[in-house]
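This report concerns only the one structure given below.
Lettering follows sequence order; numbering is per chain, from 1. This one's a predicted model, so the numbers in the text were calculated from it and none came from an experiment.
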Amino acid sequence: MTGKETTPQSEIIGGRTISKLEAWLGTDTYRMLKGLVTNPISVIGLLLLAMFVFIAAAAPILAPVAPGADPYHIPRDGYGSVPKPPGADWTHRQPPMPFWWKAVTGHDQWIHLMGTASGQWDIYYGVIWGTRTALFVGLSITLVGAVVGIAIGAISAYYGGWVDMVLMRITDVFMAFPFMLAAMTLSAVLTPVLGKGIFPPIVALMAFGWMGFARLLRSDILSIREREYVLAAKVIGVRDSRIMFKHILPNAIFPSLVLGSMRIGSYVITFASLSFLGIGAEVGFADWGQLLSFARAWMTQLTEYWYIVIYPGTILVLFVLSWNLVGDALRDVLDPRMQGSR
Amino acid sequence: MEDSKVVSTSEHLLEVKDLTTRFDIEGGQVYAVNGVSYTLDEGEALGVVGESGCGKSVHALSIMRLIPIPPGRIEKGEVSFKGRDLLKLSDDEMRQIRGKDISMIFQDPMTSWNPVLTIGFQIMEALQLHMGMDKVAAHARAIELLELVGVPEPSLRVDDYPHQFSGGMRQRAMIALALACNPSVLIADEPTTALDVTIQAQIVDLVKRLQQKLGMAVIWITHDLGVVAGLADRVNVMYAGRIVETGPITEIYKNPRHPYTVGLLGSLPSIGERTGERLFSIPGEPPDLIGLPKGCAFAPRCNYRTERCWNETPELEEVSPGHYAACWEKDKVRKMQ
């Protein structure tokens with residue numbers, strides 16, 4: 001192969017390297033991102049996700065609260081137990097009307113956009129501010145779970161032997177608990193310590209949410225460790241710890257990232273379940289599960305009071321769906337690479 | 001150099017003595033390398049030839065101390081490199097030697113590059129590690145090295161990822177990586193097996209040229225006697241973890257004295273051969289290295305075997321100056337016509 005033969009190839013590659021973005025991101029990240037924005041499934045997921053981020057960021061504009069009021073405490077319109085349908089007027093302690101309301105609708109009167117739940121909690125406020133709760137809950141639990149799990153998986157695979165044995169048995173023990181039951185119990189135990197609110201269930205879910213990452217990463221490292229390029233790195237005398245972090249981990253981490261993005265949605269569901277059961281957020285906190293729990297007493301009359309379930313339920317489903325779509329797409333984008341067909 | 005590590009004062013660059021490597025498996029062990037001894041001088045090119053599973057790669061990895069332990073285990077032997085026994089060095093000392101003094105290239109250039117790191121990064125890593133270079137100097141040197149091995153437009157290609165390189169180019173770059181720190185020994189473990197025939201010849205030429213230019217010793221491991229012919233000064237023929245014949249390349253070709261070598265040579269196609277004739281193939285299969293038979297390991301496949309071959313293992317004995325063969329019937333063995 002002489003210089004002449006490969007010149008066209010170099011030009012193609014030269015042409016590709018012109019892309020500043022690619023040079024800056026690195027080829028693999030670039031390929032991954034490109035795959036994500038060209039795959040229709042992930043585009044839908046990303047658009048949904050962007051919508052949620054927008055709602056969370058614009059919450060004070062979409063659903064403004066009175067100065068000094070806690071925005072995460074859903075405003076309520078009196079104390080009546082019968083839900084009011086969407087469009088009903090605010091009658092008591094109305095929060096400030098958003099400036100765009102009049103411009104958009106021409107009305108002077110701020111209404112219950114999505115109706116009220118039992119106890120006159122405004123569903124619209126709960127949905128909007130609950131988006132922030134959902135993002136915080138999903139991201140924080142997944143982040144902590146992933147960091148802990150990745151650390152344990154990496155240590156386990158790196159040291160092997162009895163360290164691996166002990167860590168994996170601990171992982172097994174944690175996995176032996178029924179997830180929901182364990183989270184409920186721990187959350188109940190933590191409530192007197194941390195106070196009632198969203199933190200006991202968050203910590204409980206973190207405590208039982210890392211095992212999947214640990215096992216996944218460990219197995220990926222064990223398989224990558226046998227690749228020839230790891231041997232090649234050893235041949236040039238690279239230190240073991242550097243081989244682990246520079247050569248193995250970047251190749252082994254992708255499946256864990258996919259798992260992470262899928263987990264965000266499922267943690268939000270679990271958290272909502274805990275809230276629904278009354279173990280999560282306190283009554284009136286802007287959280288979708290909590291909002292749904294107001295519907296408990298009205299389940300037999302949902303044909304009439306559909307809005308107390310449909311709005312928070314739909315948004316919860318869309319939220320989980322968005323993460324799952326992104327996770328799925330991420331897996332599709334990364335999959336050929338893992339099979340080595342590149 | 002501490003006294004305890006000085007094992008001999010031989011002038012050989014590398015001296016392997018009675019190297020024995022085993023792998024423990026369930027219910028037994030694999031006799032991968034069984035007492036291999038040879039020497040390598042500075043600037044010498046040694047071919048190690050044998051079929052799959054004869055222990056040629058394991059012997060190389062044993063020298064580099066890269067046998068996975070467990071299940072592997074270097075049972076006994078000595079690998080003295082510039083007077084130090086590599087098998088007695090600490091892990092840190094051994095790491096200093098790997099890549100710097102002894103380097104290695106592998107069979108499959110497709111899998112021996114890390115896909116998420118650039119070619120340049122991986123070459124620079126060796127330079128920064130052993131030569132104390134900073135990033136800028138290492139980057140410049142990496143470009144020089146790529147140029148040396150004939151990668152076109154090295155200053156552009158240095159920051160490419162492995163998948164942007166063709167197979168032949170990757171192997172060239174692999175050689176650049178192996179040569180980065182001017183090693184005195186380069187172990188090439190079937191570096192041409194995964195490449196096209198035309199690229200094979202180029203890689204062989206490249207290594208030959210670089211060997212002469214840089215004066216390093218090369219251990220070229222292959223199953224193909226034809227590849228070794230144009231390259232090596234001396235050949236070790238390995239069978240079932242042992243060296244069964246060793247000698248100068250011309251001598252081995254002209255006057256093979258072990259039936260296995262004869263078979264290997266007979267299985268090579270040659271120009272001028274009558275067409276329509278089938279190539280010779282050695283009957284039988286290579287021995288299962290779990291539990292070696294008593295006697296000569298080649299006996300079951302050998303045309304020259306006698307009763308003695310089943311019971312006694314022949315040792316290497318000199319048949320002509322520098323040419324040794326391990327066969328009871330070596331005086332009867334002749335090259336096939």
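If you measure heavy-atom distances from B/Met174 to chain A, the contacts under 4.5 Å come from the side chain alone. No part of B/Ile105 comes within reach of chain A, as not one of its non-hydrogen atoms sits under 4.5 angstrom from that chain. Contacts between A/Arg242 and chain B at a heavy-atom distance below 4.5 Å involve the side chain alone, from C-beta outward. When heavy atoms are compared at a cutoff of 4.5 Å, B/Asp92 approaches chain A solely by way of its side chain, counted from C-beta outward.
Taking the six-membered ring for Trp, A/Trp210 and A/Phe174 have ring centres closer than 6.0 Å.
Ion pairing between B/Arg157 and B/Asp160 holds under the 4.0 Å rule for side-chain N and carboxylate O. Note on B/Asp189 versus B/Lys56: no salt bridge recorded, every NZ/NE/NH1/NH2 to OD/OE distance being 4.0 Å or above.
In terms of heavy-atom pairs under 4.5 Å with chain A, the best-connected choice from B/Asn114, B/Thr111, B/Leu66, B/Val151 is B/Asn114. Ranked by non-hydrogen atom pairs under 4.5 Å with chain A, the options B/Met94, B/Met104, B/Gln107, B/Gln122 are led by B/Met104.
The ring pair (Phe, Tyr, Trp, His ring centres under 6.0 Å) test with A/Phe208 singles out one residue from A/Tyr267, A/Phe179, A/Phe177, and that residue is A/Phe177.
Using modelled atom types, one finds no donor on one side chain facing an acceptor on the other under 3.5 Å when comparing B/His130 with B/Gln96.
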